[in-house]
Amino acid sequence: MGNRMITTASPSKREHSRDLGDIDLQAYEDVENIAFYQVPANLGSRLSMESERSLRVHVCTDNSDVNFLHRFLRHLVEYKEKYINLANLLFHGIEWQIVGLQLLCSFLGPSSSVKQVEFQKNVFSTKSTLAVVPLSEMLHKNDTIKVIIFSECRIGSAGATLLASALANNKSVEEFQVWEDSIGSKGAEELSKMIEVNYILKKLIILDNSSITVAPLISAVLARNRKVEVHIWGHSHSTKGSMNSCKMVEFLPETGSLRIYNNTNNSIGLQRVACAMAWNTTVTTLDMSSVPLKSKWTKEFRGVLERNRSLKTVNLSKCSLGDKAVVYIAAGLFKNSYLESLSLDGNRFGGVGLEHLLCPLSTFSPLQRQANTTLKVLSFGGERANIGRHGVTAILQMLETNQSLIQLAICNDASLKPNDVVKIFTSIERNSTLRSLSLRGCKGVEGEVTLQTIMGTLEVNPWLEEIDLQGTPLHVAGKTDQIYEKLYQNGSLVLQNDFLNLPLSAPSCCRVFLCGQESAGKSTLHNSISECMNPLKAPHMDVASTLKTPVEQMACINENTANAIFDGNTKLTMCNLGGHEEGFALHDFMFLVHGGPCFFIIICSLVVKPANRYPKSIDQIELELIYWLKFLVSNAKRVSQLFLPSVTIVLSHYDKVVHLPERLQPIAALVQTLREDFHSYADIYPTVFTVDARSLVSVSRLTHHLRMTTKTILQKVPQVYEVCNDLVRILHDWRLKNNRAVMKWSEFREICQLNVPELRLRSMRDNVEKVDTRRRTVAKSLHNLGEIIYFEELGVLILDSDRFCRDVLSQLVTLKLIKTERNGFVPKQELERILQEKLSNQIQGSNWRAGSSFQGSDVINLLLKLELCYEQDPGNPNTLLLVPAILEESKEGTRQWHLTMPECRYVGRRLECKDRHMFVTSDFFPRLQVRLHNKIICLGQQQGALYNLEKNVIYTVINGVHVRVEMGKKVDSSIDVLACSSRSVTDMLRIFHKLIIPTILNLSSSLMFEESIIRPDCVKYLIPHRFLQSQQLPLKRIKQILLSLPAESLYDYVHTWSAIESNKRIILGSGLDHARDMLSDDDFHEVLHCRYYDLQHLATELAVTPDNQQQPEIIHEADAVDPSILGIAKGVEMVLQRLKRVEQGIRDLKEEIASLRYYEYHLVTELHRKMDYVMNYNIQLEERKVPQMFYLVSLDNRSKQLVTRVLPGMRSLRVHMLCEFRREMHVVEDQLGCDLIQVDNQTVKSLLPYMSKFMKLLTFALKIGAHFIVGMGEMIPDLSREVVHLLDSSMYGAAASAASVGALGAAALYGRSRNDGNQGGTSDMGEDMKAARQWLVDFLKGQGVLTGMDIAQRFGLWRVRYRDDGHIAWICRKHMAAREEEIFELPL
């Protein structure tokens, strides 16, 4: 809109009578800020745009007494709905009238959009109190304003009182400021009362003429634990006599820091502040340095130390504290167990006060315990302090006996003599906790005796890390250098079990992984980063190659040189990951054997291919980023559990994308989502870098980030031996000089002897084994650091794993072109010859050449060590060798079992990764193939056994069981274990759980798998992996299903499988499988044991004691076969014996289920007996006119749910009744029922005992599978929690107590013995049921249900009498028709 200005003319001109509407204000409806300035009448009113969203309005009253401000405010009120963007209002120098304030308050009503209102130098009226009243009333109602500011408005104490009253009820204002005003003591007190009740206020700023406002405000904040940022300013006299603003109090709740400045001279107010801190929980740091304090204040502060549990740091330096004041502080330290740092330097207390101060930090007898063990940092002393003889004695006692103090400072003391300093250092000789001692500025630290004493102490005390002697005579004389040198030696001293005595330091090397797909620009970015870090060391370029860009020329140089980048003393090893998925899986190899500091850069190209400039979709970018994040998490987690991997995302080829800003917004949102999703697995940098990898300017910001991040990582990781940092540079230079990436152990020993003094044999009599132990330990440290890969058994060190994997191990891919033996095996000698040829004849320009020191046999031994290959006949030099990673995938049509017996059983299990942030990496299955082979074949028990491999497939035969292990898709990270055999399911599953599955779990220790059952028909026909998602059943789920079934249904449970369809063609039809055909006997026994435990618990609750335990049926064996023909007889006998063993196993399982069913029978019988007792509790009530068994249903969410507890105030309930036919109770379908509008206390009192007993019996019935109330299952919630309430709660006493407990009464009746339940509980049962019955009768009358016909219409129940015992019941029509011979109907 520019700086367009609209000005109203003077009264003498024609435009003075123009209405406000003549001035086009429609163009200003989008403004966010409006500032009103009062100007003289001769200047006229005008409007101007200060910025695109800010409007400046000059207002005045013209000669016609027309106030332009009022007219503008009236316009804002009339068109309030159009100024929805207006957020800030500023009024400067306005002389308010009542009309104007009323218009302003009307505009700032409840629906206003204004967030901040500021008044600068406003004049409200001669009586400002009356003028502030409209503002106060407005704040009472406003719910949008966040900030209120009054600056030089002279509102006074009365205005502050009105505003405080309004803010006490306001729920929106978060910041309140009053500048250059005097609100007085009354105003401050009213504001403090407001703070006590207002929990919305977040910031309070007061600039007052007097310091009297400090105490009430900060005390209210501290006493109420308000997290309000407080800044209180005042005025002080300068040296020239003028008044200057100065800060008096500052409280920052984010850091818990409270700072009180020396301008606060109100001692009574400071005592009030101390009292408020006693129970405060928001202040962790109190700084009152240079504030003069009296002993009365420290007396109150003693209570703070005794009660406060959040205060960690207190600074009372230069506060003029005397002996009496310090005595109070010392008394507080006796009971304090939270303060960690106390600064008392610069005060004037002497030896007496110091003696009291150090008393809680000392012990004076072996039987005494140190009173305060939490204080870690203490400082005292000063120019005016006089420690004296008593003080020195206290210091010595404390240093000799204290076991908690870490840092002690005695500052600028002039009273200590050199002899005292000697005594102090002598007492430190036995102190093992003190880490830092400061004697800065102490005059007594002088002389040769003092120096020798300090050095002697450092000889025997290796724990002292720092001694500060700055400003002492010894330091001025330049004699402290040897002290600091000795401190450095002590800090670097490490004694290990392997006799190492080498200093530690932070590591100086870090690996940087560039992760990305092919053509993402990894190599180009690598070279650009290298040149940015070392621009002066850029390699020489050939003049003939100037047609390429400098970065592209760098890609043609020796990669061995550019692989390592030195940033000062820090070595960054760049490793490119990606683009090799179709070849050998080497990335995981590097992660597996490496540890140490790592930094990951995920490079994602914005285009599909740089040549065609076709942009990637957001879905493609998301899939790529998720893949690499899962890859990093899956690998990094098994290397180190201490630190999260640091990840930075880089978008390359941004120069090839048009409309880049529009595309970056969804990518930024995607990265933020990934950060939140992976926050527990990786530290993803929030900023996404967009680079043109060829431009050094574009890469410079990324390079700076790389430098800073690697420094942070190196500071976090554990320290290493300093000699390791030296070897990093030495090994790098050796690799460049010899152009080799691998060295033998003998070469490493030579390097140590020539270049590393700490690892050198110094004489012929030196302990060679000890030195070699040092060297091996250092090599292991370099291995853990990630700088090398050290194989101690093989005597090999790989200096450049990235180069070694790419130039040596990747040569294994060429084996696919060689004619291999059967099943993919290659003769070991042939493979060794190929590898030796590759090692000896590297192409020109390659940066790795092993030469004669590293042979092809060494590579094969390395592969065997890493379980990347195996020998068919170990020990035979002519054995066949198989590298699983080079196997090719078999065709889908060739999948078949090698077993063709008609009576085969099929079993399958799927192991699926639980954590969706991880997956099974590409190196996993090849190593699984090797490890399983070593376990199955190389045990010497399976000579000649079948063990065939295909890519992602293992087929083997173990003890007659054909086992097939298949790797699923990387997306779902699942492994299928399938078996086919004529043996039992139990035998096959035991092979799974004793051999196959443990091997899988041990090989992937960082992953958690969930076991599922695969449909047997899918195993039989080897249905492809992609169709099995709907053909699996979690093992835990089927066990839970079996636990919920009655005993007679356990062995016969059938699971239904859906059909498999593809392209409207049925691949496998739907089917049924018994649980016994999918589970082993071990699984069934586990379920049965759980079931027995539950039944035993329920039997105890029901007080069931079966009279006779059922004896298992003994089936006698058949008579022996007469072996008249010996040959046939022996064969028949063997078959019979085998059949008997199988039959016995089935018989054992069935007998166990039978005994379980017998146990359940007793429980169900007892349950029915107790239910009959509930229904027929008193023979005198046999002429029942209404049904007995009713229940309540909640009607929320358009579905019925059984009410398990009754509480006052419940709504939307409906009363239903059960069909009461004995032993066949059930829910009546299509029953209308009666609505219960609201539950009152009387209803709770009447129904609570009935509900507790009814719900307990119902729960038991469901637990044992009796299901005596048919149709209730869909309405019953999780009753396991209700059982806990029923078992643990006490008996019903009153409605209020029952509501507070939240349970449906107690089940004390059923916790008694059976006899007690039948005798002593009869009267209680009668009373309870009588109360429930009376409530039901009254309720039905209130609902107009007066006759039996009404009950039949509402509930579908009719009144009948049993012919045998004469009992009366209300039953449904179905039972009346089906059981008419057992009952006869009574008149309604």
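Heavy-atom basis, side chains included; hydrogens, waters and symmetry copies ignored. Quick note: residue numbers are just sequence positions, from 1.
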*Intermediate values then yes/no, side-chain contact (heavy atoms from CB on, under 4.5 Å), Ile667 and Ile618*: CA-CA 7 Å; Ile667 296 177; Ile618 188 66; 3.7 Å; yes
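- For Arg983 (side chain) and Asn959 (main-chain N/O), a donor-acceptor pair under 3.5 Å exists by modelled atom type.
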_Stepwise side-chain contact (heavy atoms from CB on, under 4.5 Å) check, Leu1003 with Glu867_ = CA-CA 11 Å; Leu1003 197 59; Glu867 296 182 325; 4.2 Å; yes
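- No side-chain donor-acceptor contact under 3.5 Å links Thr956 to the backbone of Val963.
- Of all heavy-atom pairs spanning Pro1016 and Asp1073, the tightest one is CD-OD2, 3.4 Å.
- Residue Ser617 holds its OG atom at 9.5 Å from CD of Glu622, rounded to the nearest 0.5 Å.
- For Tyr1021, the OH atom sits in a loose shell: 12 or fewer heavy atoms of surrounding residues, nucleotides or ligands are nearer than 6.0 Å.
- Using a 4.5 Å cut-off on side-chain heavy atoms (C-beta onward), Cys1018 and Ile1060 make contact.
- In this structure, Ser634 contributes its side chain and Phe919 its backbone to a donor-acceptor pair below 3.5 Å.
- For the pairing with Phe925, the side chain to side chain contact (heavy atoms under 4.5 Å, CB included) check across Ile1000, Val920, Asn952 returns one residue only, Asn952.
- The minimum heavy-atom distance linking Phe992 with Pro998 is given by the pair O-CD, 3.6 Å.
- Here the straight-line distance linking atom CG of Asp1052 with atom CZ of Arg1076 works out to 5.5 Å at 0.5 Å rounding.
- Judged by distance alone, with hydrogens and angles left aside, the side-chain atoms of Tyr870 form no donor-acceptor pair with the main-chain N or O of Asn934 at under 3.5 Å.
- A donor-acceptor pair is defined here as one N or O able to donate and one able to accept, closer than 3.5 Å; such a pair exists between the side chain of Gln929 and the backbone of Val953.
- A donor-acceptor contact closer than 3.5 angstrom links the side chains of Asp1083 and Ser1080.
- In terms of modelled atom types and a separation under 3.5 Å, the side chain of Gln1031 and the main chain of Ser1058 share a donor-acceptor contact.
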_Audit row: Trp1057, Leu1068, side-chain contact (heavy atoms from CB on, under 4.5 Å) steps and yes/no_ = CA-CA 10 Å; Trp1057 302 100; Leu1068 183 63; over 6 Å; no
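- Of all heavy-atom pairs spanning Val961 and Ala979, the tightest one is CG1-CB, 4.0 Å.
- Between Leu1007 atom CG and Asp915 atom CG the span is 8.0 Å, to the nearest 0.5 Å.
- A distance of 15.0 Å separates CZ in Arg990 from CG in Leu995, rounded to the nearest 0.5 Å.
- In terms of heavy atoms, Pro926 sits closest to Pro884 at O-CG, 3.7 Å.
- Between Asp987 and Ser981 there is no side-chain heavy-atom pair separated by less than 4.5 Å.
- Put simply, CD1 on Ile1023 and CD1 on Ile1014 are 11.5 Å apart, with the number rounded to the nearest 0.5 Å.
- Of all non-hydrogen atoms in Leu1079 and Val985, the two that sit nearest each other are O-CG1, 3.8 Å.
- With values rounded to the nearest 0.5 angstrom, Ile621 atom CD1 is found 8.5 Å from Ser605 atom OG.
- At a threshold of 4.5 Å between non-hydrogen side-chain atoms, the residues Val647 and Leu629 count as touching.
- At least one side-chain heavy atom of Cys904 sits under 4.5 Å from a side-chain heavy atom of Leu899.
- Here the side chains of Ile996 and Ile958 are in contact, with some heavy-atom distance below 4.5 Å.
- Side-chain N or O atoms of Arg675 include one that pairs as donor or acceptor with a backbone N or O of Ile684 at under 3.5 Å.
- With Tyr955 as the fixed residue, the side chain to side chain donor-acceptor pair (under 3.5 Å) test singles out one of Glu950, Arg964, His962: His962.
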*asked:* Gln1032 vs Glu912, test: side-chain contact (heavy atoms from CB on, under 4.5 Å). Steps then yes/no.
replied: CA-CA 11 Å; Gln1032 61 183 15; Glu912 193 164 1; 3.5 Å; yes
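- The two residues Ile936 and Tyr947 come nearest to each other via the heavy atoms CD1-CE1, 4.3 Å.
- His1216 and Tyr1191 have parallel rings, their planes meeting at less than 30° on a 0 to 90° scale where 60° marks the start of perpendicular.
- Enclosure of atom NE2 in His1074 by more than 12 non-hydrogen atoms of other residues, nucleotides or ligands within 6.0 angstrom is indicated.
- Judged by distance alone, the side chain of Trp897 and the main-chain N or O of Val1019 form a donor-acceptor pair under 3.5 Å.
- One N or O on the side chain of Thr986 and one on the backbone of Asp1081 form a donor-acceptor pair closer than 3.5 Å.
- Using a cutoff of 4.0 Å between basic side-chain nitrogens and carboxylate oxygens, Arg916 and Asp677 are scored as salt-bridged.
- In this structure the side chain of His933 never reaches within 4.5 angstrom of the side chain of Leu949, judged on heavy atoms.
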*asked:* Go through it in stages, so that I can follow the logic: the residues are Glu676 and Gln672, the test is side chain to side chain donor-acceptor pair (under 3.5 Å), and I'd like the CA-CA distance, side-chain angles, deciding distance and then a yes or no.
replied: CA-CA 6 Å; Glu676 297 173 358; Gln672 181 61 30; 3.3 Å; yes
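- Side-chain atoms of Arg910 and His1025, non-hydrogen and from C-beta on, do get closer than 4.5 Å to each other.
- Legend: residues meeting ring-ring contact (aromatic ring centres under 6.0 Å, His included) with Phe1009, ordered by chain and number and at least two apart, are absent.
- Side-chain contact between Glu903 and Ser982 is absent, with no heavy atoms from C-beta onward closer than 4.5 Å.
- More than 12 heavy-atom neighbours from other residues, nucleotides or ligands sit within 6.0 angstrom of NZ on Lys1039.
- Around atom CD1 of Ile1066, no more than 12 heavy atoms belonging to other residues, nucleotides or ligands sit under 6.0 Å away.
- A donor-acceptor contact shorter than 3.5 Å is absent between the side chain of Arg909 and the backbone of Ser1012.
- Partner of His917 under the ring-ring contact (aromatic ring centres under 6.0 Å, His included) criterion, chosen from Tyr627, Phe678, Phe631: Phe678.
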